[in-house]
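Only one structure is covered here, and it is reproduced in the block below.
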Number of protein chains: 2
Amino acid sequence: MAHPVEQMQSHLAEKMDAVNTLIRTRMASEHAPRIPEVTAHLVEAGGKRIRPLLTLAAADICGYQGDHDVRLAATVEFIHTATLLHDDVVDESDQRRGRPTANLLWDNQSSVLVGDYLFARSFQLMVETGSLRVLDILANAAAVIAEGEVLQLSVARNLGVTEETYIKVVRGKTAALFAAATQVGGVIAEATEDEIEALWAYGDALGISFQMVDDLIDYGDAADTGKNTGDDLREGKMTMPVILAIARAEGDDMAFWERVIGKGKVEEGDVARATEILHRTGALDTTRDRALEWSAAAKEALDLLPQGPLTDTLSDLADYVVARIS
Amino acid sequence: MAHPVEQMQSHLAEKMDAVNTLIRTRMASEHAPRIPEVTAHLVEAGGKRIRPLLTLAAADICGYQGDHDVRLAATVEFIHTATLLHDDVVDESDQRRGRPTANLLWDNQSSVLVGDYLFARSFQLMVETGSLRVLDILANAAAVIAEGEVLQLSVARNLGVTEETYIKVVRGKTAALFAAATQVGGVIAEATEDEIEALWAYGDALGISFQMVDDLIDYGDAADTGKNTGDDLREGKMTMPVILAIARAEGDDMAFWERVIGKGKVEEGDVARATEILHRTGALDTTRDRALEWSAAAKEALDLLPQGPLTDTLSDLADYVVARIS
């Protein structure tokens with residue numbers, strides 16, 4: 001099938017042009033020229049703009065005729081970019097690892113402050129829609145995002161993390177913004193409550209599925225991604241495959257996880273050994289099953305929405321997310 | 001005279017109790033217990049709560065009877081605390097200097113993410129007031145704050161900085177939140193446009209005066225502050241006294257500023273020499289005059305407001321801010 005993101009980009013091309021223009025305009029700062037310098041490489045870097053596309057698609061599916069969808073699409077992209085900048089803030093130990101993050105080009109302080117600027121700008125944009133309900137949804141999403149990121153940080157290297165905690169983290173770091181992006185599209189279109197709820201459920205399930213696939217990819221369980229593997233292991237992240245493997249640990253497995261994840265002592269060959277354990281215990285298979293279930297849940301939510309080409313594309317997108325692993 | 005902040009605390013004690021309760025409630029996170037751990041030492045540290053007091057006082061002066069003033073007071077304190085946490089994020093070079101900031105107790109990532117959480121919480125609180133105008137004012141203030149901080153970062157060690165740029169930085173880092181704090185108090189009280197404008201002008205002028213006094217204190221030009229002197233010099237900050245001294249540089253002065261501020265090569269005895277130059281060129285005197293002018297402007301703005309004991313206290317506060325240097 002044609003790439004669903006490209007289908008959306010093509011279907012919503014005129015709106016996306018307006019979104020991109022608005023992003024460039026609002027990113028500028030008369031007083032602080034460093035701001036667009038820092039953001040340009042993120043905002044212009046040819047990201048797929050999946051979150052703003054979700055907002056535009058949701059509004060379109062629900063028959064929206066105005067132009068607040070463009071503001072909200074730019075809003076979610078600004079929030080996404082701000083969280084990327086803040087994720088780039090690293091501690092000394094991470095800097096030694098030499099990751100090519102924004103803050104090696106700039107510095108921690110610029111990453112933080114320019115991220116704050118983009119949050120403020122996103123906030124101004126959503127106020128312009130005049131919808132208190134939209135503001136409420138996005139304020140709550142912002143809180144869930146920050147809470148999820150803090151939770152992830154505080155449970156790193158904690159072997160006792162449950163699947164329930166993992167889902168909370170994932171809802172924060174990924175699904176909350178997807179779900180808010182689709183939901184606000186329905187809200188400004190004055191969709192029915194059932195439709196608005198379905199849009200939230202779609203974004204939420206899509207985001208969780210997306211993150212589980214990302215977790216699998218980090219252990220090399222996907223072809224041609226061009227992504228480095230083993231980062232999650234080195235950072236001691238308690239992702240879905242690791243949580244399952246620890247629950248099913250046998251023989252020396254537990255000692256391995258305690259050393260590598262618990263104590264952060266990663267040696268040569270550990271990524272390969274982790275991958276072997278994840279295969280042997282079926283942790284990768286179960287994670288794949290879960291990702292497929294969430295993808296199916298996302299598609300099911302779409303049944304409650306008006307049907308049309310963009311609804312079909314959202315369904316294709318839910319398939320596409322898991323196509324990388326199936 | 002009695003300390004005007006204590007006067008406000010006493011006059012608004014019941015409201016401040018409600019603010020403190022709300023802060024504690026909203027700071028909590030069911031999912032991420034680290035959040036209150038990080039914020040507690042900031043929020044509970046017995047700060048004067050001057051910003052929430054300004055919001056409560058403004059609303060009271062304008063005859064407000066409801067309880068949104070409590071939400072907005074907690075909002076501005078959350079924004080203030082979030083900016084403190086983000087200011088604490090330092091780069092490696094700063095860490096060597098060993099400042100006792102929050103992020104030595106925790107880490108850069110926690111400071112950033114918990115700050116983001118507090119921003120999101122403040123956003124939720126202001127949405128609860130249901131006032132789009134309040135949201136607009138606070139969104140704009142958030143943008144001005146971030147812009148001012150980035151501007152300050154990008155003009156550090158730049159000897160060509162003008163007084164105009166300095167005022168922009170100060171409006172961002174200090175005055176914008178003071179001005180928004182007083183202004184939103186008037187807005188929820190449905191004060192007249194003249195009163196709302198006067199409240200903004202008061203907060204703005206108070207904030208600028210406050211920051212200029214802070215700049216003077218950093219060069220030891222005040223008694224009994226308990227504050228370390230010379231930090232601004234070591235960080236290469238282009239504060240008002242330095243801007244004036246550079247404009248009036250004579251003899252070897254310029255070479256000194258180029259080495260110390262421009263190149264950041266600070267040697268033993270440089271703080272004393274900087275202070276000597278600032279005295280000789282009259283830079284400290286002129287900064288003091290400017291601070292007094294802004295303090296007078298703050299008091300003048302109060303003439304347009306309903307008069308009463310709290311209006312008098314705000315006037316005393318403008319005097320108190322400069323009392324440290326006169």
Side-chain angles (χ1 to χ4, degrees), chain A residues 29-35 37-38 82-83 86-87 89-95 103 107-128 130-132 135-136 138-155 165 168-169 172, chain B residues 29-35 37-38 82-83 86-87 89-95 103 107-128 130-132 135-136 138-155 165 168-169 172:
Chain A
S29 162
E30 189 196 340
H31 303 317
R34 182 179 292 185
I35 289 173
E37 283 174 38
V38 172
T83 59
H86 283 186
D87 283 348
V89 171
V90 291
D91 293 300
E92 235 182 292
S93 55
D94 294 312
Q95 279 175 329
N103 85 319
D107 53 60
N108 272 342
Q109 286 163 333
S110 294
S111 291
V112 173
L113 297 175
V114 174
D116 288 349
Y117 180 72
L118 293 183
F119 271 131
R121 285 303 217 184
S122 77
F123 185 9
Q124 289 177 312
L125 276 166
M126 55 184 119
V127 171
E128 287 172 25
S131 164
L132 282 166
L135 287 158
D136 184 48
L138 290 165
N140 291 342
V144 172
I145 291 168
E147 220 169 352
E149 300 258 21
V150 175
L151 183 60
Q152 171 170 275
L153 204 60
S154 54
V155 300
T165 299
K168 276 185 203 164
V169 169
Chain B
S29 161
E30 188 196 339
H31 304 317
R34 183 180 292 187
I35 290 173
E37 283 174 36
V38 173
T83 60
H86 284 186
D87 283 350
V89 171
V90 293
D91 293 300
E92 235 182 293
S93 54
D94 293 312
Q95 279 175 327
N103 85 319
D107 53 60
N108 273 341
Q109 287 164 333
S110 294
S111 292
V112 172
L113 298 174
V114 175
D116 288 351
Y117 179 73
L118 292 183
F119 270 132
R121 285 303 217 184
S122 77
F123 184 10
Q124 290 177 311
L125 275 167
M126 56 183 119
V127 170
E128 287 172 25
S131 163
L132 282 165
L135 287 158
D136 184 48
L138 289 166
N140 292 341
V144 172
I145 291 168
E147 219 169 354
E149 299 258 19
V150 176
L151 183 60
Q152 170 168 278
L153 204 61
S154 56
V155 300
T165 299
K168 275 184 204 165
V169 168

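Because the structure is a prediction, the values reported are computed rather than measured. Just so we're on the same page: letters track the sequence lines, and every chain starts at 1.
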Exercise. Over 60° means perpendicular and under 30° means parallel, so classify the ring planes of A/H86 and B/H86, tilted if in between.
Key: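 Correct class here is perpendicular.
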Give the member of [options] that has the highest number of heavy-atom pairs under 4.5 Å with chain A.
options: B/D136, B/V150, B/L151; value: B/V150
options: B/T165, B/T83, B/L138, B/L132; value: B/L132
options: B/V169, B/V144, B/I145, B/V127; value: B/V127

Quiz prompt | Leading residue by heavy atom contact count with chain B [cutoff under 4.5 Å; candidates A/G148, A/G115, A/S154, A/S122] | solution =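 Highest number of pairs under 4.5 Å: A/S154.
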Quiz item: Among A/V155, A/N140, A/V114, who wins on heavy-atom pairs under 4.5 Å with chain B?
Solution: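 The candidate making the most pairs under 4.5 Å is A/N140.
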Quiz item: Name the one of A/D87, A/N108, A/V89, A/L153 that satisfies side chain to side chain contact (heavy atoms under 4.5 Å, CB included) with B/V112?
Solution: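 Answer to the side chain to side chain contact (heavy atoms under 4.5 Å, CB included) test with B/V112 among A/D87, A/N108, A/V89, A/L153: A/V89.
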Quiz item: Any idea which heavy atoms bring B/D116 and A/A146 closest together, and the distance?
Solution: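 Taking B/D116 first and A/A146 second, the nearest heavy atoms are C-CB, 3.9 Å.
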Self-check item: Closest non-hydrogen atom pair between A/Q124 and B/A139, with its separation
Solution: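 Closest approach of A/Q124 to B/A139, heavy atoms only: CG-CB, 3.8 Å.
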Quiz item: When the ring centroid of B/F119 is compared with that of A/F119, is the distance short of 6.0 Å?
Solution: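 No: the rings miss the under 6.0 Å criterion.
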